[in-house]
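Numbering of ligands and ligand atoms starts at 1, following listing order.
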Amino acid sequence: MAEQHFPAGELMKGKRGLIMGVANKNSIAWAIARQLHAQGAELAFTYQGDALLRRVKPLAEGIGSDILVECDVTDDATMDNTFSTLKDKWGKIDFLVHAIAFAGKEQLAGSFIDNTTRDGFRQALDISAYSFVDAARRASAMMNDGGAMVTMTYLGSERVIPNYNVMGVAKAALEACTRYIAADLGPRGIRVNAISAGPIKTLAAAGIGSGRHMFKFNKAASAMRDNTDVVGVAGAALYLLSDLGLSCTGETHHVDGGFHAIGMPQEEPLKDALG
Ligand code: NAD
Ligand code: 0WE
């Protein structure tokens with residue numbers, strides 16, 4: 001992912017926004033941040049805890065951002081602090097990027113009905129879906145008309161993906177939340193959309209049991225016969241968060257090399273890839 005993927009422009013000039021979900025340089029939220037920054041946006045970041053500050057601080061500073069707030073979305077006090085800090089520094093904002101998900105590791109393997117516990121379900125839905133409702137409410141309270149929000153989802157919400165399990169249920173909820181939030185904020189000219197990205201090698205995708213198979217299968221079975229490039233995800237976020245995206249709201253936009261569009265993959269590339 002090189003600089004030429006983020007050509008300078010002015011699509012986000014004069015706009016300010018909050019990026020939630022950068023863990024390191026591989027994070028989808030970081031690619032989105034770079035794309036928005038290249039177009040003139042002013043950015044603030046949240047980070048999840050002290051362990052991640054070491055990684056996120058140099059990234060934020062590297063693009064001239066001096067608003068960096070610790071925020072655990074399950075902790076109301078840190079949510080309060082995040083948005084009151086933004087209110088103090090900026091007063092108003094123009095956009096929100098939500099790129100946060102979590103389920104317990106033991107929930108993300110094997111049988112869905114056997115391994116999904118009440119607490120595991122509650123935690124996955126709380127962190128991965130409710131947090132968008134909460135952040136959207138707080139952000140909208142200080143958002144200019146014509147603002148926009150984006151969250152990140154995955155095809156496991158629409159179709160069964162082995163081991164994605166309760167995260168698929170959480171993403172289905174997140175996509176429904178996106179539509180309801182879009183309806184609430186539409187009258188104010190605020191647009192709310194989700195990007196459904198194909199598998200990308202980030203911290204959140206590391207160490208998933210079936211990872212090697214999944215990347216190989218996605219490459220072979222997608223329309224473009226390639227894995228998803230995070231630059232395309234960042235480009236979609238730029239479109240949805242800038243005025244290029246006018247009239248687009250409540251949408252789940254797939255950026256996955258066309259994987260979602262295929263009903264049955266061609267025989268040869270699959271044989272070549274999987275043997
Ligand atoms: P990532 O690990 O870089 O980002 C996940 C982020 O979630 C981290 O920054 C982490 O700190 C944050 N997070 C988790 N629990 C939190 C909490 N309680 N409070 C605050 N923050 C918390 O991985 P990523 O792949 O960039 O994930 C970003 C988003 O993209 C997620 O919603 C993920 O579901 C989605 N997504 C990822 C892929 C993929 O294949 N990587 C595909 C489609 C969608
Ligand atoms: O949304 C995700 C992953 C989100 C995620 C990742 C982790 C790993 C570490 C949520 N919770 C956790 N909990 C942990 O303990 N993706 C879209 C990436 C992903 O994860 C999968 C996938 C894909 C794709 C898990 C199983 C199968 C496919």
Distance dump, ligand 1 polar atoms to protein, N/O, under 3.5 Å:
residue, atom, partner, partner atom, Å
ligand 1, 2 (O), Ala204, N, 3.2
ligand 1, 3 (O), Ser27, OG, 2.6
ligand 1, 9 (O), Gly21, O, 2.9
ligand 1, 9 (O), Ala23, N, 3.4
ligand 1, 11 (O), Gln48, OE1, 2.7
ligand 1, 18 (N), Asp72, OD1, 3.1
ligand 1, 19 (N), Val73, N, 3.0
ligand 1, 23 (O), Thr202, OG1, 3.2
ligand 1, 25 (O), Thr202, OG1, 2.5
ligand 1, 26 (O), Ile28, N, 2.9
ligand 1, 32 (O), Ile100, O, 3.4
ligand 1, 32 (O), Lys171, NZ, 2.9
ligand 1, 34 (O), Lys171, NZ, 2.8
ligand 1, 40 (O), Ile200, N, 2.8
ligand 1, 40 (O), Ile200, O, 3.4
ligand 1, 41 (N), Ile200, O, 3.0
ligand 1, 41 (N), Thr202, OG1, 3.2

- Stepwise, does the side-chain hydrogen bond (donor to acceptor under 3.5 Å, both in side chains) test hold for His260 with Ser196? CA-CA 9 Å; His260 73 282; Ser196 185; over 6 Å; no

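- Under the 3.5 Å distance criterion, with hydrogens and angles disregarded, no donor-acceptor pair is assigned to the side chains of Asp119 and Thr117.
- Think of Met224 as one node in a network of Ile, Leu, Val, Met, Phe, Trp and Tyr side chains linked at under 4.5 Å; it has no links at all.
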| task | Might you work through the side-chain contact (heavy atoms from CB on, under 4.5 Å) test for Leu53 and Leu68, ending with a clear yes or no? | result | CA-CA 9 Å; Leu53 179 60; Leu68 185 54; 3.6 Å; yes

* Step by step, would you call Asp256 with Thr228 a side-chain hydrogen bond (donor to acceptor under 3.5 Å, both in side chains)? -> CA-CA 5 Å; Asp256 65 351; Thr228 298; 6.0 Å; no

Query - Test salt bridge (Lys or Arg N to Asp or Glu O under 4.0 Å) applied to Glu267 and Lys271, step by step - result: CA-CA 6 Å; Glu267 188 172 4; Lys271 273 190 187 159; 3.1 Å; yes

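- The environment of Phe112 atom CZ is dense: over 12 non-hydrogen atoms of other residues, nucleotides or ligands sit within 6.0 angstrom.
- Both tests pass for Lys201 against the ring of Phe215: distance under 6.0 Å to the centre and angle within 45° of the axis.
- Partners of Gln266 by side-chain contact (heavy atoms from CB on, under 4.5 Å), not counting sequence neighbours, listed by chain and number: Arg225, Pro269.
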Ligand-protein N/O pairs under 3.5 Å (ligand 2):
residue, atom, partner, partner atom, Å
ligand 2, 1 (O), Tyr164, OH, 2.7
ligand 2, 11 (N), Ala103, N, 2.9
ligand 2, 11 (N), Ala103, O, 3.3
ligand 2, 13 (N), Ala103, O, 2.7

